[in-house]
Visitor: 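Could you have a look at this structure, given as structure tokens, before my questions?
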Amino acid sequence: MRRTRFGFTLVELLVVIAIIAILIALLVPAVQKVRETAARAQCTNNLKQIGLALQNYHDTKKAFPAGYVSEVDSANNDTGPGWGWGVAILPQLEQQNLLASIVQSQPIEASVNSGARLQSLAVFRCPSDNAPQIWTASQYDALGTPTKAICDVASANYLGVYGVGEPGVDGDGIFFRNSSIRILDITDGSSQTLMVGERAFALAPATWTGAVTNAEIYPDNSSNMVLAHTGE
């Protein structure tokens with residue numbers, strides 16, 4: 001009697017594996033494309049929500065929030081507290097509880113604000129960026145070596161536009177130190193003016209909390225210091 005054979009031969013098994021590998025090779029790019037499309041849509045929605053929050057803030061306060069709020073010394077240097085526009089619009093982003101936990105009369109780096117400043121908010125983060133949720137705001141020397149860690153803060157990808165030139169305390173954009181810009185002040189027209197933009201963490205870190213006093217931003221991919229306040 002002829003014995004009935006069950007199972008696959010080695011050749012048949014290799015053919016099946018090859019077919020599966022080809023299907024996976026065709027499927028992976030399609031899945032990645034779908035994921036990136038979804039991430040792009042989420043990023044666009046984040047910017048939309050921030051824009052609506054800023055508009056609602058303007059409707060209530062009759063001006064956009066300050067880029068960051070700080071007292072100054074006799075040399076025009078920041079003395080804090082440094083809370084920025086991202087904090088000001090927390091109620092418009094349904095983050096009233098987080099705002100209530102912030103002691104805005106104290107600096108960002110104050111221990112009483114250690115919990116609030118570490119809160120990572122999805123609305124301020126681009127889903128396509130590999131930014132860490134937390135980074136350390138520090139002072140640096142001329143060679144870009146951190147000399148003093150000030151505090152840890154939650155990262156963000158969306159920044160208020162300071163204006164033309166290097167970021168500093170006084171700008172011609174919407175957000176700078178103690179600014180209070182109204183729509184009527186935008187002489188180029190609001191449809192022609194960029195208010196909030198996106199930046200990858202690799203270019204320079206940022207935080208939604210504001211400008212940590214005395215902190216500087218040092219890009220990971222550059223040997224040159226970017227003299228800018230965090231959050232701008």
Side-chain angles (χ1 to χ4, degrees), residues 46-47 50-93 99 102 104-109 113 117 121 123-124 137-140 150-151 153-201 203-219 224-232:
N46 287 345
L47 285 169
I50 291 171
L52 290 173
L54 287 167
Q55 183 63 60
N56 290 335
Y57 181 96
H58 185 283
D59 290 344
T60 302
K61 304 292 186 179
K62 308 307 178 184
F64 292 114
Y68 67 100
V69 178
S70 180
E71 299 293 333
V72 297
D73 60 19
S74 58
N76 202 36
N77 296 314
D78 293 341
T79 59
W83 298 104
W85 62 269
V87 173
I89 63 172
L90 285 177
Q92 286 75 24
L93 295 173
L99 179 64
I102 296 174
Q104 295 188 56
S105 61
Q106 295 295 312
I108 296 173
E109 62 269 24
N113 290 312
R117 66 171 180 257
L121 300 178
V123 70
F124 287 115
S138 304
Q139 289 180 318
Y140 294 85
I150 298 177
C151 68
V153 289
S155 64
N157 292 110
Y158 309 117
L159 296 92
V161 176
Y162 158 85
V164 178
E166 291 296 327
V169 296
D170 296 311
D172 57 359
I174 307 297
F175 299 110
F176 48 92
R177 186 176 69 186
N178 299 330
S179 59
S180 182
I181 303 299
R182 304 170 301 162
I183 289 181
L184 293 176
D185 298 324
I186 306 175
T187 56
D188 291 336
S190 58
S191 63
Q192 304 294 322
T193 303
L194 183 64
M195 184 161 53
V196 175
E198 178 188 358
R199 185 173 71 194
F201 186 83
L203 295 178
T207 174
W208 61 265
T209 59
V212 179
T213 305
N214 296 321
E216 297 164 317
I217 297 175
Y218 193 85
N224 297 319
M225 182 76 73
V226 175
L227 297 178
H229 293 279
T230 53
E232 280 195 294

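The first residue in the sequence is number 1, and the count goes up from there.
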Visitor: Ignoring hydrogens, what is the shortest heavy-atom contact between D78 and S70? Give both atom names and the distance.
Guide: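 The pair with the smallest heavy-atom distance is CB-OG, 3.4 Å.
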Visitor: Applying side chain to side chain contact (heavy atoms under 4.5 Å, CB included), name anything that partners V161, two or more places apart in sequence or on another chain.
Guide: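 Expected list: L194.
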Visitor: Could you tell me which non-hydrogen atom of D172 sits nearest to which non-hydrogen atom of G163, and how far apart they are?
Guide: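 What the structure gives for the nearest pair is OD1-CA, 3.1 Å.
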Visitor: Side chain to side chain contact (heavy atoms under 4.5 Å, CB included) for N46 and F124? Distances and angles first, verdict last.
Guide: CA-CA 7 Å; N46 287 345; F124 287 115; over 6 Å; no
Visitor: Got a donor-acceptor contact below 3.5 angstrom from the N157 side chain to the R199 backbone?
Guide: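 Yes, N157 side chain to R199 backbone: donor-acceptor pair under 3.5 Å.
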Visitor: Using the side chain to side chain contact (heavy atoms under 4.5 Å, CB included) definition, which of the options I181, I183, I89 pairs with H58?
Guide: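 By the side chain to side chain contact (heavy atoms under 4.5 Å, CB included) criterion, H58 pairs with just one of I181, I183, I89: I183.
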Visitor: Taking side-chain hydrogen bond (donor to acceptor under 3.5 Å, both in side chains) as the test, write out the residues that go with N113, two or more places apart.
Guide: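 With sequence neighbours excluded, N113 shows a side-chain hydrogen bond (donor to acceptor under 3.5 Å, both in side chains) to no residue whatsoever.
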Visitor: Only pairs at least two apart or in different chains count here, so list each side-chain hydrogen bond (donor to acceptor under 3.5 Å, both in side chains) that has a residue in residues 181-190.
Guide: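 Passing the test, one end in residues 181-190: R182-D185.
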Visitor: Can you list everything that forms a side-chain hydrogen bond (donor to acceptor under 3.5 Å, both in side chains) with S155? Sequence neighbours excluded, please.
Guide: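 By the side-chain hydrogen bond (donor to acceptor under 3.5 Å, both in side chains) rule, S155 matches R125.
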Visitor: Okay, side chain of E109, backbone of I150: is any donor-acceptor separation there less than 3.5 Å?
Guide: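 Here the side-chain-to-backbone pair does not exist.
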Visitor: Please work out which of the three classes, parallel, tilted or perpendicular, describes the rings of Y162 and F176, given edges at 30° and 60°.
Guide: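 Rings of F176 and Y162: perpendicular, over 60°.
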Visitor: Could you grab the distance from atom CG of L121 to atom CG of L90, nearest 0.5 Å is fine?
Guide: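 The CG atom of L121 sits 6.5 Å away from the CG atom of L90.
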Visitor: So, using side-chain hydrogen bond (donor to acceptor under 3.5 Å, both in side chains) as the criterion, who are the partners of Q55 when residues are at least two apart?
Guide: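 For Q55, the residues satisfying side-chain hydrogen bond (donor to acceptor under 3.5 Å, both in side chains) (neighbours in sequence not counted) are D59.
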Visitor: Counting neighbours of CD on Q139 that are heavy atoms of other residues, nucleotides or ligands and sit closer than 6.0 Å, is the number greater than 12?
Guide: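 Yes, the 6.0 Å shell around CD holds more than 12 heavy atoms from other groups.
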Visitor: Tell me, with the steps shown, if N56 and T60 meet side chain to side chain contact (heavy atoms under 4.5 Å, CB included).
Guide: CA-CA 6 Å; N56 290 335; T60 302; 5.6 Å; no
Visitor: Could you walk me through whether V123 and W208 satisfy the side chain to side chain contact (heavy atoms under 4.5 Å, CB included) test, starting with their C-alpha distance in whole Å, then the side-chain angles of each, then the deciding distance to 0.1 Å, before giving a yes or no?
Guide: CA-CA 10 Å; V123 70; W208 61 265; over 6 Å; no
Visitor: T213 vs E71, test: side chain to side chain contact (heavy atoms under 4.5 Å, CB included). Steps then yes/no.
Guide: CA-CA 10 Å; T213 305; E71 299 293 333; over 6 Å; no
Visitor: What distance separates I186 CD1 from Q192 CD, expressed to the nearest 0.5 Å?
Guide: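 Going from the CD1 atom of I186 to the CD atom of Q192 covers 11.5 Å.
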Visitor: Specify the closest pair of heavy atoms between V72 and T79, including all atoms of both residues, with the distance to one decimal.
Guide: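 For V72 and T79, the tightest heavy-atom pair comes out as N-OG1, 3.6 Å.
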Visitor: Minimum heavy-atom separation for I108 to R117, with atom names?
Guide: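 Closest pair (atom of I108, atom of R117, distance): O-NH1, 2.9 Å.
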Visitor: For P81, give me all partners under side chain to side chain contact (heavy atoms under 4.5 Å, CB included), at least two apart in sequence or on another chain.
Guide: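 Per chain and number, P81 pairs via side chain to side chain contact (heavy atoms under 4.5 Å, CB included) with W83.
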Visitor: Ignoring hydrogens, what is the shortest heavy-atom contact between Y57 and F64? Give both atom names and the distance.
Guide: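 The pair with the smallest heavy-atom distance is CE2-C, 3.8 Å.
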Visitor: Do you know which two heavy atoms are closest between G160 and F175, and how far apart they sit?
Guide: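 Taking G160 first and F175 second, the nearest heavy atoms are CA-CD1, 3.4 Å.
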Visitor: For N77, check side chain to side chain contact (heavy atoms under 4.5 Å, CB included) against everything at least two apart and list the hits.
Guide: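 For N77 the side chain to side chain contact (heavy atoms under 4.5 Å, CB included) partners, ignoring immediate neighbours, are D73, A75.
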